[in-house]
2 protein chains.
Amino acid sequence: MAKRITSIDVAVQAGVSQSTVSRVFSDIEKVAPDKRHRVLEAANQLGYIPNAIARSLTTQRTNIIGIVMANLTSPFYPYVLEKFLQCLRDMEKQTLLFTAAPNQDIDDIIPHIMQHRVDALIVTSATLSTEIVDKCLHYGIPVILFNRYVLNSNANAVCTDNAEGGRDIANLFLDTGHQNIAYIAGQSNVSTNTDREKGFSDRMHERGVTEWLREEGDFFYQSGYDAALRLLTRPDRPDAIFCASDNMALGAIDAARYGLGLRVPDDVSIAGFDDMPMASWPAYQLTTMAQQVDLMVATTIDLMQAKIEDPDSKPVLRLIPGRLVIRGSVRGV
Amino acid sequence: MAKRITSIDVAVQAGVSQSTVSRVFSDIEKVAPDKRHRVLEAANQLGYIPNAIARSLTTQRTNIIGIVMANLTSPFYPYVLEKFLQCLRDMEKQTLLFTAAPNQDIDDIIPHIMQHRVDALIVTSATLSTEIVDKCLHYGIPVILFNRYVLNSNANAVCTDNAEGGRDIANLFLDTGHQNIAYIAGQSNVSTNTDREKGFSDRMHERGVTEWLREEGDFFYQSGYDAALRLLTRPDRPDAIFCASDNMALGAIDAARYGLGLRVPDDVSIAGFDDMPMASWPAYQLTTMAQQVDLMVATTIDLMQAKIEDPDSKPVLRLIPGRLVIRGSVRGV
DNA sequence: TTGAAAGCGATACCAT
DNA sequence: ATGGTATCGCTTTCAA
């Protein structure tokens, strides 16, 4: 490795002061056209690239946004991540990405992130204790929760209206005359699941249905497959299953078809939640409650910007409505 | 936001010098147990978190690894990314992640990354010009290509042995008595495709087959679906299709089944390449050439480490063999 | 407009 | 083992 090129080298080469070089590369300042030209030329000649580390140290801004992702393996999240990366790239921000190790407490990784003094922190599908959120805020790092919320926290949050989505699916099943309905839950301690389930069961009750089957999974494919197998081998086989995630819904469809030789939707209707890319594949044609990812991401970025510009703004929770996407996995529509 | 807490604040509070505080947080140095205790206590009390920016400026190391990813939307890459994140997290390194915008030249985003003085750069499924690689090296930033290689470049590279994989699939089809074989290509200008195709066609020739069908896709699901539709509606319908990616293979299976009512593998055998998670789902049971992602990632990290420790080490290309995974989409095995 | 000089918050070398 | 101090590479006053 050759000697590192700094703005001083460029200054010497261009016959100007180091300050002037700095001004050229921070754009804003006005510097005489001829000098600017000489600086640029010298920089190019020497292969100079400004050092963002040094810049961050003085400006107190890194232009880096931290993103914490829980599970990249579920096909829904890569899409979310991709969107975030696109947005941030367009804003000329860089992205420092973190995943939690299995069973690792998200709270524990935050200090690692804070060491790097990110300008803001986006946390998807994981909750943070109010203490750690406050610690971030204390350091001037806004926190925005994506698809999770914590009441009475100082963190902003953007979330699909999961309860409303659950109600809509209940309506869908009942409107199409299904008699024996089942729900396959995600982990019962995460709000994404509980909200969907709450909306679903509230609406069922409102419409006079007081009993239905329930199995619990973990949002992943295999758990949906297994849960559906348990449900569909019962003597009182359900004729409709609402799965708390698309992933589980696809598993449920495969269990019905390949595990038990049933037809979907003729023998059993299946609905999901998320609308991940595979939901539209011919093999599945899954009817599902779509999360409006693009809108959610854009909203998250907006909240982030607002909070960066006015750190004292009050935290808000933005609920984004889901969109019911009718395909072929629920009969009678 | 309160005043930022620095090591000086901690030093004052603990009644020691700032140097001592620094020593406590950089671990290595020995400092008297009682002082260390006082420092830790003061730090905790003040909510002090060391500033990695300032540290990087003096140590000339950021502990950040840059990763450039081309397409997160293909289900194969999130898995790769997840593995990288895990490995790097275990090494206490942070990850700065970049994706290229559609049609954006990867070369153009490298300077943005270099500004942040990452300790190394991992580039997946994209090539870099030799000039830009040399520029990185000049700045002491090793470059490791993942699943792509550039001959005569100074970048290290880790790649599946795509040619060998292609040969193996040719063997598989011929050993199982298929007569009319077809190949669905990815973009014909990327080495991942050309190597697979080259191995495949070489072996076909070696075994006396000189003619076969060919369609071109883009590695994604839809293109596989469309290409398979074109192939399977020909009068001389192929009885075996080798797809350059699992994604396209799944599309091909769906096209055969749902587009044309054919059975897989009875009417047509289909093989893929990658072994992404869905390949094992009951709906597909795809026979495919698996890329050994864990091994590839580990190898990449090893090369990276070696290059960081000895910047003058010669660049190497590591070929990782694929593993043929026999499931149910090819008949006769 | 331009240059000189004072930080930013650590590390690391040099004394003690 | 501990403290003082120069240093990393920039941005940002302050004067000129």
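Note that these values count all heavy atoms, side chains included, but never hydrogens, waters or copies made by symmetry. Naming convention: chains lettered A, B, ... in sequence-line order (proteins, then strands); numbering from 1 in each chain.
- Regarding contacts with the backbone of C:dA12, every side-chain N or O of B:T58 stays at 4.0 angstrom or more from both OP1 and OP2.
- Donor-acceptor pairing under 3.5 Å is lacking for the side chains of A:S22 and A:S19.
- Atom NE2 of A:H37 is separated from atom P of C:dT2 by 15 Å (rounded to the nearest Å).
- The closest donor-acceptor contact from the side chain of B:K307 to the backbone of B:V143 lies at 3.5 Å or more, if one exists at all.
- Residue B:F98 comes nearest to B:I113 through the heavy atom pair CZ-CG1, 3.3 Å, listed as atom of the first residue, atom of the second, then distance.
- For A:R318, the CZ atom is loosely surrounded, since the number of other residues' heavy atoms within 6.0 Å does not exceed 12.
- Contacts between residues 11-24 of chain A and DNA chain C, defined by a heavy-atom separation under 4.0 Å, are made by A:V16, A:S17, A:S19, A:T20, A:R23.
- Distance, B:R55 CZ to D:dG9 C1': 18 Å, rounded to whole Å.
- In this structure, the CZ atom of A:F25 is 13 Å from the C1' atom of D:dG9, given to the nearest Å.
- As rounded to whole Å, 11 Å separates atom P of C:dA12 from atom CZ of B:R61.
- Distance A:I5 CD1 to D:dG9 P: 11 Å, rounded to the nearest Å.
- Protein atom CG of A:L57 is 17 Å distant from nucleotide atom P of C:dA6, rounded to whole Å.
- In this structure, the CZ atom of A:R38 is 13 Å from the C1' atom of C:dT1, given to the nearest Å.
- Residues forming a ring-ring contact (aromatic ring centres under 6.0 Å, His included) with B:F146 (at least two apart in sequence, or on another chain): B:F84.
- Contact check for B:L97 versus B:M69: side-chain heavy atoms found under the 4.5 Å cut-off.
- When distances run from any side-chain atom of A:R4 to the nucleotides D:dG9, C:dG9, D:dC10, the shortest one goes to D:dG9.
- Computed from coordinates, the B:Q60 CD to C:dA10 P distance equals 17 Å when rounded to whole Å.
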